[in-house]
2 protein chains.
Amino acid sequence: MKKGNTRDVILHTASELFQRQGYHGTGLNQIIEKSGAPKGSLYYHFPNGKEEIAIEAIKLMGQHILESAREDLSEKDTAIEAFQHHVAKIADVFDGKACVDGLQIGLIASEMASSHESIRLVCKSAYEDWQALYTECLQRFDFETERAKELAVVINSLLEGASILAQTNESGWPLRAVAKQLPALLVH
Amino acid sequence: MKKGNTRDVILHTASELFQRQGYHGTGLNQIIEKSGAPKGSLYYHFPNGKEEIAIEAIKLMGQHILESAREDLSEKDTAIEAFQHHVAKIADVFDGKACVDGLQIGLIASEMASSHESIRLVCKSAYEDWQALYTECLQRFDFETERAKELAVVINSLLEGASILAQTNESGWPLRAVAKQLPALLVH
DNA sequence: GTCTATAAGTAGATAGAC
DNA sequence: GTCTATCTACTTATAGAC
């Protein structure tokens with residue numbers, strides 16, 4: 001977990017807490033406490049305070065999710081199998097009651113959309129990156145460009161929504177229900 | 001807006017604020033201020049404080065969404081048209097920058113899932129009600145029971161997720177992208 | 001049923017020593 | 001780069017008058 005410098009430790013802990021408890025639900029003191037980072041150094045590394053930590057944390061989450069998605073999607077031979085594999089991996093995370101590491105910016109995105117423009121834009125950018133990856137993957141499996149783009153939005157929605165249901169049900173089954181219906185959606 | 005008694009005014013205002021700013025992002029003072037309700041009466045009507053207000057507010061949102069969904073879904077002659085109509089109505093809400101009235105418990109559901117069991121259960125119950133309605137509608141259009149139940153979960157996920165994207169983009173287009181792909185999903 | 005005042009705690013943020 | 005102490009503002013919640 002520790003990457004050596006204090007900044008990364010703070011950011012990693014903040015990512016974890018923000019995505020589970022949200023922006024307002026997570027205190028700076030809690031981040032300090034859980035990370036074990038020295039309290040005094042927080043405003044040294046992030047002079048703009050909580051908002052700056054949140055922005056950097058969201059960028060980190062975005063990249064993390066992008067990487068694991070890219071990995072999942074490259075391991076299969078059809079679009080259906082690829083996305084089903086991706087969804088199944090996410091479903092597994094919600095079964096264990098362990099921390100939901102690196103999944104989901106939906107909570108903070110909803111929370112801040114109407115109040116913090118800068119955070120809204122970072123979230124928007126993360127979603128665009130994921131959709132670009134999905135689009136690219138669908139094109140590789142011979143989906144026409146426009147349809148691929150639209151399906152990417154739909155898949156993105158599906159994953160965000162099913163993740164909320166999974167949290168609410170404390171189980172990955174909503175994601176598995178989604179995986180099961182993917183073949184109907186992904187017809188040429 | 002005012003339904004006569006103070007309790008309902010508080011609840012209505014709380015619903016609005018909770019779904020836009022979340023639980024931790026909304027202060028009791030803000031609810032009082034915005035509702036114009038007398039401050040002293042808050043703990044008279046809700047002796048258990050903020051958590052009780054949240055639980056009742058979520059129930060209210062759940063019923064409100066259920067009713068408008070029932071209305072939307074009963075106006076068309078095919079499953080595809082019915083759900084497309086429903087999604088289109090939601091999309092329109094996100095275009096105007098007005099308050100998102102009565103839509104979406106996803107934010108508060110994510111926020112509280114890991115910390116307040118009682119709130120998590122109320123959200124779970126609301127989702128189950130909506131899915132039951134979707135299932136019923138799909139069965140009416142000759143979908144087999146098991147498939148109808150699974151599609152209901154998928155549609156629920158789709159709506160929750162696309163609503164987050166709509167907020168993040170300040171536009172209803174993600175919901176319209178979903179509507180456009182519904183015919184592929186809803187094949188017998 | 002409503003109102004005022006206030007308790008008790010915690011939030012984010014800052015200043016200055018080291 | 002880190003630590004400690006502290007400031008101000010705000011939070012939920014309560015007590016007691018009306």
Give the rounded distance in Å between these two atoms: [atom1] of [X] and [atom2] of [N].
X       : N      : atom1 : atom2 : result
A/Ile53 : C/dA13 : CD1   : P     : 9 Å
B/Phe46 : C/dG1  : CZ    : P     : 12 Å
B/Glu51 : D/dT11 : CD    : C1'   : 16 Å
B/Ile32 : D/dT11 : CD1   : P     : 12 Å
A/His24 : D/dT11 : NE2   : P     : 10 Å
A/Ile10 : D/dG1  : CD1   : C1'   : 11 Å
B/Lys39 : D/dT14 : NZ    : P     : 13 Å
A/Leu42 : C/dA11 : CG    : C1'   : 13 Å

Problem - Backbone N/O of B/Ala148 and side chain of B/Gln139: donor-acceptor pair under 3.5 Å - result: no

Indicate whether OP1 or OP2 belonging to [N] is found under 4.0 Å from a side-chain N or O atom of [X].
X       : N      : answer
B/Thr6  : C/dT2  : yes
A/Tyr44 : D/dT2  : no
B/Tyr43 : D/dA13 : yes

Are [X] and [Y] within salt-bridge range, i.e. N to O under 4.0 Å?
X        : Y        : value
B/Lys124 : B/Glu128 : yes
A/Glu67  : A/Arg70  : no
A/Glu150 : A/Arg147 : no

Fill in the blank from the handout: Which of D/dT2, D/dA13, C/dA13 is nearest the side chain of A/Leu28? It is C/dA13

Exercise for the section: With the side chain of A/His45 defined as its heavy atoms from C-beta on, choose the nearest nucleotide among D/dA13, D/dT4, D/dT2. Expected result: D/dT2

Exercise for the section: Identify whether any heavy atom of A/Asn29 sits under 4.0 Å from a base atom; if not, whether one sits that close to sugar-phosphate; answer base, sugar-phosphate or nothing. Expected result: sugar-phosphate

Handout entry: Same cluster (ILVMFWY, side-chain, under 4.5 Å), A/Tyr23 and A/Val122
Key = yes

Exercise for the section: Please tell me which of A/Gly40 and A/Tyr23 maps to the more 5' nucleotide of DNA chain C, matching each residue to the nucleotide holding its nearest heavy atom. Expected result: A/Tyr23

